Amino acid sequence: MGLPRIIAIDGPAASGKSTLARRLAKALDYLYFDTGVLYRAVTWAALQQGLALDDEAAIAALAASLPIEVRPPSQEDGRSNDVWVAGRDVTWAIRSPQVDAWVSVVAAHPGVRRALLETQRRIGRQGRVVMVGRDIGTVVLPDADLKIYLDASLEERARRRYAELQQRGASVTYDEVLARTRARDQMDASRATAPLRPAPDAVVIVTDGLTADEVFARVWDVIQRHNHHHAPESGPAPQEAERA
Ligand code: DC
């Protein structure tokens, strides 16, 4: 089969990665794995334990020892997976504004990234996976068969995140969400280890003005072309060869 075994989806916060990845995983019957939950779970646990979030050694040690479990969803409340930490369902707790505010600091620690790397690779290398994050195509799975980088303007992403938070009943203003999204972008893109950037071989899609359906359709088209080009017996179909 010429379908990509591993699909890496990277991009900034609220660019539409998880919506796209969930739909792809469903359509292909692949595992959906959002690596952001690992950084979020570590951040949540560090806050719970009252650790200083800029203490890299302490947070890295926590990341290396924390039992984080990602399981199929146990409830129909909008979650795509359960996330459990040390016997507690933290699926929604790791989405709190407090975790949002600190997770980029935690994710910038090289020791934390090292501690979480093997888990991500192990899951990725099993194949039939759509893996979402910031550095999947560049660092975690540079050999991924297909890399998608989703981007969108800061304002568009802040609008989407604001709508999402409102739906969940969080009391924040649009301006707060805009400021936080900007701060996270800055942290994610400027950190020394595994900064947010597209892999050289990533397909970049800017999602401003596109609906989720349109983004999905574009990526589906890329997958079909990949399928034709990599089908061992048939080679590219003529019209695909013309377009390439
Ligand atoms: O995608 P998200 O908002 O759940 O990500 C939370 C934070 O984790 C975000 O600030 C960037 C970081 N992250 C990362 O550095 N590398 C990943 N592969 C996934 C997330």
Side-chain angles (χ1 to χ4, degrees), residues 1-38 69-83 91 95 119-138 140-152 156-157 160-161 163-164 167 198-199 201-241 243-244:
M1 271 291 269
L3 285 174
R5 285 182 67 252
I6 300 175
I7 302 177
I9 302 186
D10 292 303
S15 53
K17 302 184 299 289
S18 44
T19 304
L20 170 68
R22 271 197 294 263
R23 290 181 63 167
L24 286 176
K26 195 157 179 234
L28 294 164
D29 194 23
Y30 279 19
L31 175 74
Y32 161 70
F33 189 72
D34 169 13
T35 59
V37 303
L38 302 177
E69 284 177 72
V70 182
R71 305 180 189 161
S74 64
Q75 293 179 49
E76 285 191 28
D77 60 357
R79 65 180 66 193
S80 45
N81 290 106
D82 276 20
V83 182
T91 308
R95 305 272 164 202
T119 306
Q120 298 175 75
R121 286 195 170 147
R122 188 166 36 75
I123 294 166
R125 284 179 184 146
Q126 290 169 3
R128 295 181 62 88
V129 63
V130 184
M131 199 175 264
V132 176
R134 300 293 190 287
D135 60 340
I136 308 304
T138 51
V140 177
L141 301 168
D143 296 335
D145 309 287
L146 178 62
K147 301 176 185 178
I148 305 287
Y149 188 90
L150 283 194
D151 212 344
E156 171 90 19
R157 291 182 292 114
R160 290 179 192 160
R161 183 51 55 94
E164 223 176 87
Q167 247 186 6
D201 51 347
V203 178
V204 178
I205 299 178
V206 179
T207 67
D208 285 72
L210 295 181
T211 64
D213 282 351
E214 288 165 338
V215 175
F216 178 82
R218 283 196 192 190
V219 175
W220 195 248
D221 190 49
V222 173
I223 290 175
Q224 295 316 313
R225 274 188 271 161
H226 184 282
N227 196 10
H228 283 297
H229 282 293
H230 293 78
E233 68 285 3
S234 61
Q239 72 273 27
E240 298 299 335
R243 250 198 279 172

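One-based numbering along the sequence shown. For clarity, every value in this text was computed on a predicted model and none was experimentally measured.
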K.L.:
At their closest point, which heavy atom of Q120 faces which heavy atom of M131, and how far apart are they?
P.N.:
O-CE, 3.2 Å

K.L.:
So which of V204, V203, D201 actually passes side chain to side chain contact (heavy atoms under 4.5 Å, CB included) with K147?
P.N.:
D201

K.L.:
Might you work through the side chain to side chain donor-acceptor pair (under 3.5 Å) test for S18 and D34, ending with a clear yes or no?
P.N.:
CA-CA 7 Å; S18 44; D34 169 13; 5.7 Å; no

K.L.:
Give me the atom names and distance for the closest heavy-atom approach of A152 to S15.
P.N.:
N-CB, 4.5 Å

K.L.:
When rounded to the nearest 0.5 angstrom, what distance separates CG in D82 from CD in E69?
P.N.:
10.0 Å

K.L.:
Is any side-chain heavy atom of P12 closer than 4.5 Å to a side-chain heavy atom of Y149?
P.N.:
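In short, these two side chains touch, coming nearer than 4.5 Å.
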
K.L.:
Considering only heavy atoms from C-beta outward, does the side chain of I6 approach that of Y30 to under 4.5 Å?
P.N.:
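They are not in side-chain contact.
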
K.L.:
Got T211 and E214 here, is their nearest side-chain heavy-atom distance under 4.5 Å?
P.N.:
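When only atoms from C-beta onward are counted, E214 and T211 do touch, with a gap below 4.5 Å.
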
K.L.:
Yes or no on side chain to side chain contact (heavy atoms under 4.5 Å, CB included) for E164 and R161, after CA distance, side-chain angles and deciding distance?
P.N.:
CA-CA 5 Å; E164 223 176 87; R161 183 51 55 94; 3.4 Å; yes

K.L.:
How long is the span from the CZ atom in R79 to the OG1 atom in T91, to the nearest 0.5 Å?
P.N.:
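Result: 4.0 Å between the selected atoms.
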
K.L.:
Applying side chain to side chain contact (heavy atoms under 4.5 Å, CB included) to I223 and L28, what does each step give before you reach the verdict?
P.N.:
CA-CA 10 Å; I223 290 175; L28 294 164; 4.3 Å; yes

K.L.:
For the pair R160 and E156, find out whether any cationic side-chain nitrogen is under 4.0 Å from an anionic carboxylate oxygen.
P.N.:
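Looking at R160 and E156, the cut-off is met.
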
K.L.:
Using a strict 4.0 Å threshold on nitrogen-to-oxygen distance, state whether D77 and R95 make a salt bridge.
P.N.:
no

K.L.:
Rounded to the nearest 0.5 Å, how far does OG1 of T207 lie from CG of D151?
P.N.:
7.5 Å

K.L.:
Drop me the distance from N227's CG to Q224's CD, to the nearest 0.5 angstrom.
P.N.:
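Going from CG on N227 over to CD on Q224, the span is 5.5 Å.
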
K.L.:
Looking at R128 and L31, would you say the former's side chain and the latter's main chain have a donor-acceptor pair under 3.5 Å?
P.N.:
no

K.L.:
Check the pair L20, L150 against side chain to side chain contact (heavy atoms under 4.5 Å, CB included), reporting the backbone distance first and the verdict last.
P.N.:
CA-CA 9 Å; L20 170 68; L150 283 194; 3.9 Å; yes

K.L.:
Please round to the nearest 0.5 Å and tell me the distance separating atom OG1 of T119 and atom CZ of F33.
P.N.:
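Taking OG1 in T119 and CZ in F33, the distance rounds to 7.5 Å.
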
K.L.:
Is any side-chain heavy atom of T35 closer than 4.5 Å to one of V140?
P.N.:
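When only atoms from C-beta onward are counted, T35 and V140 do not touch, as no gap falls below 4.5 Å.
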
K.L.:
Count the heavy atoms belonging to other residues, nucleotides or ligands that lie under 6.0 Å from CD of Q167, then report whether that count exceeds 12.
P.N.:
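Not more than 12 within 6.0 Å, no.
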
K.L.:
Would you give the length of the straight line joining atom CG of L24 to atom OH of Y32, rounded to the nearest 0.5 angstrom?
P.N.:
11.0 Å

K.L.:
With a 3.5 Å distance limit and no angle check, can you tell me whether H226 reaches the backbone of L3 through a side-chain donor-acceptor pair?
P.N.:
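The answer is no, because no donor-acceptor pair under 3.5 Å joins these two groups.
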
K.L.:
Given 3.5 Å as the limit, does a donor-acceptor pair link the side chain of R157 with the main chain of A13, or not?
P.N.:
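Pair found, side chain donor or acceptor close to backbone of A13.
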
K.L.:
Strictly by salt bridge (charged side-chain N to carboxylate O under 4.0 Å, His left out), give each pair with a member in residues 8-23 just once, sequence neighbours left out.
P.N.:
R23-D213

K.L.:
Might you point out which heavy atoms bring A8 and A144 nearest each other, and give the distance in Å?
P.N.:
CB-CB, 4.0 Å

